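What follows is a single structure, written as structure tokens, with notes after it.
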Amino acid sequence: MSSRRKFIRHLGSAAILPFVPAVLNTDKTPDILPRILKYDQERGRAAANDEDFWRLVQEAYTASPNIINLNNGGVSPQSRSVQEAQGLYSRESNEGPAYYMWRIVDKGRLTVKRKLAEMAGASPEEIAIQRNTTEALENLIFGFDLKAGDEILTSSQDYPSMQNALNQRARREGIQIKRVSIPVPLDDEEELVKRFEKSISAKTRMILLCHMINLTGQILPVRAVCRLGRKHGIPVIVDGAHSFAHFPFTMDDLECDYFGTSLHKWLCAPFGTGMLYIRKEKIKTVWPLMAAPDGEEEKIEKFEHLGTRSFPAEMAIGHAIDFHRGIGAERKTARLRYLSDYWVSRVKDLKGIRFNTSFREGAYGAIVNFAIDGMTAAEVQKELFRDYRIYTVAIDHEEVKGVRVSPHIYSTLNDLDTLVTAIRRMITR
Ligand SMILES: Cc1ncc(COP(=O)(O)O)c(C=O)c1O
């Protein structure tokens, strides 16, 4: 049977059956999952440093051989299987958009939500599909009724778009924004929690903080801050742009009620996909940014009234989750940390290098920020690209100045060896 016919058959049953990636496993979509399974069965479960295994994973992507992309924190690529799935959904939708997108393809949404919910340790009734973290978090930031004089507490290192949202509330409604400064590197989590606690006042009505800071890759003590919020009756909004699918956790682990993330980062789902989580009993406390009909006050769907959007992208999220699960969440995290440890351990003792990321156990992942004495971050970033085609990002923030390096599971040790050579040359010349 042709792949196209198989796919149509699959679409026809979408309302009742889960989306099974094998349906898309045609000659055009070399499916990595059976190969991973076979590898583990034949050779024992592969570890974070088993290069034969990770070569299989690398082949599942379509990374350019012309640059070394170490800026996966910005946005990550999709595996071939996800690209192909989105392409097929898109081609089928184009055969009759109104019919296929709304009557057929969109019916797969519940399955996608179910899979996201499983990852988050939540119920599908607590999950809304969004386009990105910005949309998810702005739904939350603008979703609470506040009045002039109320305070929102956040950190000095939260993401600029979220700062814009807070600042707009400040300009428009007279809300006060208080920012807790985060030490760099963050060696003492408890100290940070104390800073948050000290900054809470009788007027604090909302707390916003990152789970993993984009500037340094530092993982913050979110659970402790959520507990603080609960103790004082203050909603805590967690910016999980970089944490979801980077390392495993559930919403209950974080004791979190409000969480937003981008699925096009560490999950490698299609560009323009994100997720909003709100604990069931809290849904009614938040207004959606895009108006919803009466009767949906307690339903998570009230956050999905976007109008026409990319249904093919949304549906292909399910395939990214299958790929993620096929590798295994724990093993993926171990590999991401291994990649950081690999390059950092080879340069960390050089005189003249500094790290803005703390390497405490469990406090970092694939994102690391470093600086070289005597060079600006922009100079280092420029030289890495000009001389080695290594693509990174220069961070010039009040509290963090350095180059951010973020490999992903398709990155090779050879890529990182080139980075190590480049750093050594910059330091020792
Ligand atoms: C911490 C953090 N929050 C939010 C965002 C916004 O993500 P998106 O552009 O996918 O909405 C980013 C993007 O890099 C980020 O790093």
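Bear in mind that the values here come from a model prediction, so they are computed numbers and not experimental data. In this chain, numbering begins with 1 at the start of the sequence shown. In listed order, ligands and their atoms are each counted from 1.
Between Tyr258 and Phe144, the distance from one ring center to the other falls under 6.0 angstrom.
No donor-acceptor contact under 3.5 angstrom links the side chains of Asp415 and Thr418, judged on distance only. Donor-acceptor pairing under 3.5 Å is recorded for the side chains of Gln130 and Asn139. A donor-acceptor contact closer than 3.5 angstrom links the side chains of Glu151 and Ser201.
Given atom 1 (C) of ligand 1, the protein heavy atom at minimum distance is Asp239 OD2, 3.4 Å. Counting only heavy atoms of the protein, atom 9 (O) of ligand 1 lies nearest to Thr134 OG1, 3.9 Å. When only non-hydrogen protein atoms are considered, atom 7 (O) of ligand 1 lies nearest to Ser262 OG, 3.5 Å. Atom 15 (C) of ligand 1 has Tyr159 CD1, 3.2 Å as its closest protein atom, hydrogens excluded (heavy atom only). Here the protein heavy atom with the shortest distance to atom 16 (O) of ligand 1 is His242 NE2, 2.8 Å.
Partners of Arg404 by salt bridge (Lys or Arg N to Asp or Glu O under 4.0 Å), not counting sequence neighbours: none found.
Residue Cys210 places a heavy atom under 4.0 Å from ligand 1. Look at Lys265 and you'll find a heavy atom under 4.0 Å from some atom of ligand 1.
Within the cation-pi definition used here (under 6.0 Å to the ring centroid, within 45° of the axis), Arg55 does not qualify as a partner of Phe53. A cation-pi geometry, defined here as NZ or CZ lying under 6.0 Å from the six-membered ring centre and within 45° of its normal, does not hold between Arg103 and Tyr100.
Between Glu135 and ligand 1, a contact under 3.5 Å exists for no N or O pair.
Proximity of Thr133 to ligand 1, defined as any heavy-atom pair under 4.0 Å, is shared by backbone and side chain alike.
Those atoms of ligand 1 with a heavy atom of His264 less than 4.0 angstrom away are 10 (O).
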